[in-house]
K.L.:
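Okay, handing you the structure first.
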There are 4 protein chains.
Amino acid sequence: MTSTGERVHAAALELFAERGFHGTGIRQLAEHAGLSSATLYHYMGTKEDLLVTLMRTSLERLVRAGEEIAGSTDDAPTRLADLVGMHVTSHAQRPLETRVVDDEVHALSPSRRQEVVALRDRYEALWQQVIDDGVGSGHFAVTSASIARRALLEMCSGVARWYDPAGRMGLGELAEEYSALALRLLGVVGDPATTPARRVAPDTPGPV
Amino acid sequence: MTSTGERVHAAALELFAERGFHGTGIRQLAEHAGLSSATLYHYMGTKEDLLVTLMRTSLERLVRAGEEIAGSTDDAPTRLADLVGMHVTSHAQRPLETRVVDDEVHALSPSRRQEVVALRDRYEALWQQVIDDGVGSGHFAVTSASIARRALLEMCSGVARWYDPAGRMGLGELAEEYSALALRLLGVVGDPATTPARRVAPDTPGPV
Amino acid sequence: MTSTGERVHAAALELFAERGFHGTGIRQLAEHAGLSSATLYHYMGTKEDLLVTLMRTSLERLVRAGEEIAGSTDDAPTRLADLVGMHVTSHAQRPLETRVVDDEVHALSPSRRQEVVALRDRYEALWQQVIDDGVGSGHFAVTSASIARRALLEMCSGVARWYDPAGRMGLGELAEEYSALALRLLGVVGDPATTPARRVAPDTPGPV
Amino acid sequence: MTSTGERVHAAALELFAERGFHGTGIRQLAEHAGLSSATLYHYMGTKEDLLVTLMRTSLERLVRAGEEIAGSTDDAPTRLADLVGMHVTSHAQRPLETRVVDDEVHALSPSRRQEVVALRDRYEALWQQVIDDGVGSGHFAVTSASIARRALLEMCSGVARWYDPAGRMGLGELAEEYSALALRLLGVVGDPATTPARRVAPDTPGPV
DNA sequence: AATGAATGAGACTTCATTCAT
DNA sequence: GATGAATGAAGTCTCATTCAT
C-alpha cells in the first residue's frame, strides 16, 4: 500500500531525526527502507536532495496551514492561539519531520540552505505579524515582539521532543495548554473571552 | 596565554556548534586548532571523549550555578527569575557550548549519553522544583508543571541561537525580559517585588 | 530514416571518441541516443560488444578499401599514394570511427583485442607490402621499411585529430598533400607521374 | 632508494599508459604501488591531480629540452633534426610518460586541460617555428607548414608505441633514421651536409 | 611535544547489467 | 520494442585512529 518512495522518505525521517543527517549512512538508510543502497538512488537524488525534499514537504505544509490561519481572522489573540494550536499539534503528530526541519538546517550546503530558510522565514513572518498586530491593537504587552516570537516558537517546537501520542494527554488538551501559556506570556490576562472559549464570541472587545 | 589544550577545546566548540559532531572531521578540528591531526591526540582521547568533556564542562557549570540559586531563597518567583536570568545569560555568553550541549546529545553512544543526560536531568530538576514550589505556594498557576518546565527551558535556551553580544540589547536587559516572560507564562501577574515595574500596569485587575 | 540501431552506433561513436570507452557510461550512451539504458540492451550485447562492433565495421571498411588498392596496380609509388590518399580521406571523413579504433584498443579484453588487432595487422600488412615492393623496385629509399610503415601510418592517422571538413582545405587537396609528404619521406623525388608537379623543381639532381 | 612518492608516480605511469586513466582504478593503483588505497592519498591529491602532475613533469622536460635546441642555432635543418632526435629519443626512453601525455588529455577536466594544453602548445610552437624558418630560408619545401608540423609530431611520437630498448636498434640510430625521414618529408634532398654528418660542419651553407 | 606515514573501515555515488512487465 | 526497478560490484575519496620517530 505504501509505495517504495514513501518507504524511503519514512526511513529517512526516522533516521535523520534519531541520529542526524551526518550521523546517518546511506547503507543504514537503505537497510531501514528494505532496499539495497544502489536501489535507493532510484528514489532520490543525493542524500542532501532527500533531506531537502523532506524539509520542504514539512515546511510547505506548515506554511500552508499557517497562512490559512493568518487569513482567517483579524483578531490577534485568536490568530495567535490558533497558530500555537496548529504548530503544537503538528509537532506532536509529526515529531520526526519537525525535528529534522529544526535540527538539520546546518547540514545543508549554502544554496540549499537558502531555499529552506526562505520557507522557514515565511512561516515565522506569520507569527511576527500576529504579535505585531496584537501589540498594535493593545492585546499583547511585550517589550520586544521579536524576542517574544522567538521564545514562543522555541517553546512550541519543543513539543516534538517529548510528546507521546500514547500518553494521557490528548492533542486538544495540549493545544489548549500551549495556547494559554502563549497568551499569558504575551501579557494577555485570563479572560473567558480570550481563553479557549473566546472563539465563541468573536465580537468581544480586547481586554487590558 | 591560552594553552594548546584550551585551543583544542575552543576549536572543537566552534566546529561542533557550527557543523555538528558528525559533520566535523578530525582533520578540520586539527587545522582549526593549528595542529596536525596526530598531535590532536595528545590533548584528547577519542573524538567522542572530546565531545563529552565539552558537554560535561558546560553542564557542570550550569548545574553549579543552578544549585547556588536553588539554595539562595525559598521564594519561588525570585528563584525562578534568577534561574531564568542565569540560564539566559550563560546561553547568551556561551552560545557555542550551549548549542553543542543541546544539539549533540544524539551523537553520544548509550553509555556516554547516560552520563551526560544524568547531569542535564539534575539541572532540569532544579527548574522542576521551583515550579512545583511556586505552584504549591500559589504563586504560579499552570495546568502542568512539567509542560511549563519544558516550555520554559526550550524558550530560554533558544537565546543561544540568536543573541548578538554586539547588538543593542545588553545582557541585563535580556535577563529581565526573559524573566518577565517566564513569570507571566507561569501566571504571575505584575508584582513590583518580582517583576520590573515598568512593564506592568499596577492597577490591572489581575486574575487567578 | 536512421534506425534506432544506427542512432545507438552514432551516439557511441561520438562519446567513445570524445571521452573514451571507460570514460563513457551506459547511461550517458542511452541519453545521447534518446533511449533508456535498459532499452539500449535491445540493440547491443555488452558495452564491449558495442565497441568491438564499431571497431570491426571501421576496420573492415579500411581493409576492403586497402585491398582493392593493393590489387589495382604493381607500381609501388602509385599504390602507396593511393593508400595514403584513401587512408587520409577516410580519417578526415570519419574522424570519430578512426579515433575510436586508434585509441581504444587498450580497453578491449585479451580475446576481443586479438580479433581487432588481427584486422588491423591485415591492414598494416598492405602498407608493409607496398613499401617492401617499392624498396625492392628501387623507387623507395629507406633504412628500415617497418619504421617507415609506422611513421607513415601514425602521420596519416593524425588527420582525424585536426581536419575540419568546414575549413578551407578540400579532401582532394588533403590527400594530395599527404601523398606528396609520404613519397618524399620514402625518398621518392618529384616525378610528374606520381607527385603533383607544382611542388617539385624538376631539375633537382635527385638522390636515390 | 626510491621514495614512496616516486613509486606512486611510477605505478601511475605504468597503469595509465597501459589501461588509460579511466581504465585504472584507485585500488589497482594502490596495489601496484604497494600501498593501501588510503595511504595513496598521502602522496597525491585527487587521481586527476596525479595525472596532471605526471603530464606536467613530462611536458616541462620536453619544453625545456626543446627550448634549449631552439636557442642553439639559426640553421633550420639542423634545428629540426635536433628536435626530431630529441623528441624521438625521449619518446623511446620514456614511452609511458609520453603515451600518457599524448593519449589522456581528454580525461582532464576543462580547467586542467587548459593548463596542460598550454604547455603542449608551447612545445609545438617550437616545431612550428623551425618549419616556418626553414620554409622562409628556402631549406624546406612544403605546401602547408602546419600540416607538416602535425605530420612530423604524430610520426615521431609513434615511437613510444613500439620502440624496444632491448631490441637491436640503438637510440642514436633511431634518432638518425627519424631525422632523415623528417628532412626528406620537408623536401630537403639528401646532401652530406644536411644528413647526419652535417653537424660536423656547422658552417655549411644551406642546400637546395 | 609533535608529526608524517599508515590503514581498515566506511563514506557517498555510479557502474554495467538483468528482468518482469 | 521499451522501460522502471533492482542490484552486486566497484568507483573515488575521507574517516578516526595508531605508531614509530
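Residue numbers begin at 1 in each chain, while the letters A, B, ... track the order of the sequences.
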K.L.:
Could you check A/Leu54, A/Thr4, A/Thr2 and say which one makes a side chain to side chain contact (heavy atoms under 4.5 Å, CB included) with A/His9?
P.N.:
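Result for side chain to side chain contact (heavy atoms under 4.5 Å, CB included) with A/His9: A/Leu54.
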K.L.:
Ignoring backbone atoms, establish whether D/Thr39 has a side-chain N or O less than 4.0 Å from OP1 or OP2 of E/dT7.
P.N.:
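For E/dT7, OP1 or OP2 has a side-chain N or O of D/Thr39 closer than 4.0 Å.
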K.L.:
In whole angstroms, how far is the C1' atom of E/dA5 from the CZ atom of D/Arg7?
P.N.:
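To the nearest whole Å, that distance equals 12 Å.
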K.L.:
What I'd like to find out is whether the side chain of A/Arg161 reaches to under 4.5 Å of the side chain of A/Asp103, using heavy atoms alone.
P.N.:
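SC-SC contact between A/Arg161 and A/Asp103 confirmed.
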K.L.:
Return the value, rounded to whole Å, for the distance between atom CG of C/Leu29 and atom C1' of E/dT14.
P.N.:
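After rounding, the reported distance stands at 15 Å.
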K.L.:
Measure the distance from NE2 on D/His22 to C1' on E/dC15 and round it to the nearest whole Å.
P.N.:
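Computing the D/His22:NE2 to E/dC15:C1' distance gives 14 Å.
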K.L.:
Whole angstroms only, please: what is the CD1-C1' distance between A/Ile26 and F/dT12?
P.N.:
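Rounded to whole Å, this separation is 15 Å.
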K.L.:
Testing the basics here: between C/Leu15 and C/His32, what is the closest heavy-atom pair and its distance to 0.1 Å?
P.N.:
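Answer, listing the atom of C/Leu15 first, then C/His32: CD1-CB, 3.8 Å.
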K.L.:
Could you say whether C/Ala38 or B/Met44 is positioned toward the 5' end of DNA chain F, judged by the nucleotide with the nearest heavy atom to each?
P.N.:
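So the residue in question is C/Ala38.
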K.L.:
Between B/Tyr43 and E/dA2, is there a side-chain N or O to OP1/OP2 distance below 4.0 Å?
P.N.:
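Result: yes.
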K.L.:
Closest-nucleotide mapping onto DNA chain E: is D/Thr4 or C/Phe21 further toward the 5' terminus? I mean the 5' end.
P.N.:
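This one resolves to D/Thr4.
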K.L.:
Taking only side-chain N and O atoms of B/Arg27, does any of them lie within less than 4.0 angstrom of OP1 or OP2 on F/dA16?
P.N.:
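Checking B/Arg27 against F/dA16: no side-chain N or O falls below 4.0 Å of OP1 or OP2.
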K.L.:
Give the rounded distance in Å between these two atoms: CG of A/Leu35 and P of F/dG4.
P.N.:
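So the two atoms are 18 Å apart, to the nearest Å.
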K.L.:
Can you find a side chain N or O atom of D/Gln28 that sits less than 4.0 Å from OP1 or OP2 on F/dG11?
P.N.:
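True: D/Gln28 side-chain N/O within range (under 4.0 Å) of F/dG11 OP1/OP2.
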K.L.:
Could you check whether A/His106 and B/Glu18, counting side-chain N and O atoms only, form a donor-acceptor pair closer than 3.5 Å?
P.N.:
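No pair is found: no donor N or O on one side chain lies under 3.5 Å from an acceptor on the other.
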K.L.:
Let's test this: given Watson-Crick or G-U wobble pairing with both distances under 3.5 Å, identify the partner of E/dC15.
P.N.:
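Answer to the pairing question: F/dG8, which forms a Watson-Crick or G-U pair with E/dC15.
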K.L.:
Roughly, in whole Å, what's the span from OH in B/Tyr41 to C1' in F/dA16?
P.N.:
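In whole Å, F/dA16 C1' lies 5 Å from B/Tyr41 OH.
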K.L.:
Whole-Å distance between E/dC12 P and A/Leu15 CG?
P.N.:
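Value for this atom pair: 12 Å.
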K.L.:
When you match C/Ser37 and D/Thr46 each to their closest nucleotide on DNA chain F, which lands nearer the 5' end?
P.N.:
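Result of the comparison: C/Ser37.
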K.L.:
5'-most contact on DNA chain E: B/Leu40 or A/Glu48, nearest heavy atom basis?
P.N.:
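The residue mapped nearer the 5' terminus is B/Leu40.
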K.L.:
Is any side-chain N or O of B/His42 under 3.5 Å from a base N or O of E/dA1, one able to act as donor and the other as acceptor?
P.N.:
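In this structure, the two groups form no donor-acceptor pair.
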K.L.:
Using purine N1 to pyrimidine N3 plus N6-O4 or O6-N4 for Watson-Crick, or N1-O2 and O6-N3 for G-U wobble, both under 3.5 Å, which nucleotide pairs with E/dA20?
P.N.:
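Pairing partner, where one exists within any strand: F/dT3.
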K.L.:
Separation of D/Lys47 atom NZ from F/dT12 atom P, in whole Å?
P.N.:
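About 4 Å, once rounded to whole Å.
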K.L.:
Between B/Ala12 and B/Leu50, what is the shortest heavy-atom contact and its length?
P.N.:
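Taking every non-hydrogen atom into account, CB-CD2, 3.7 Å.
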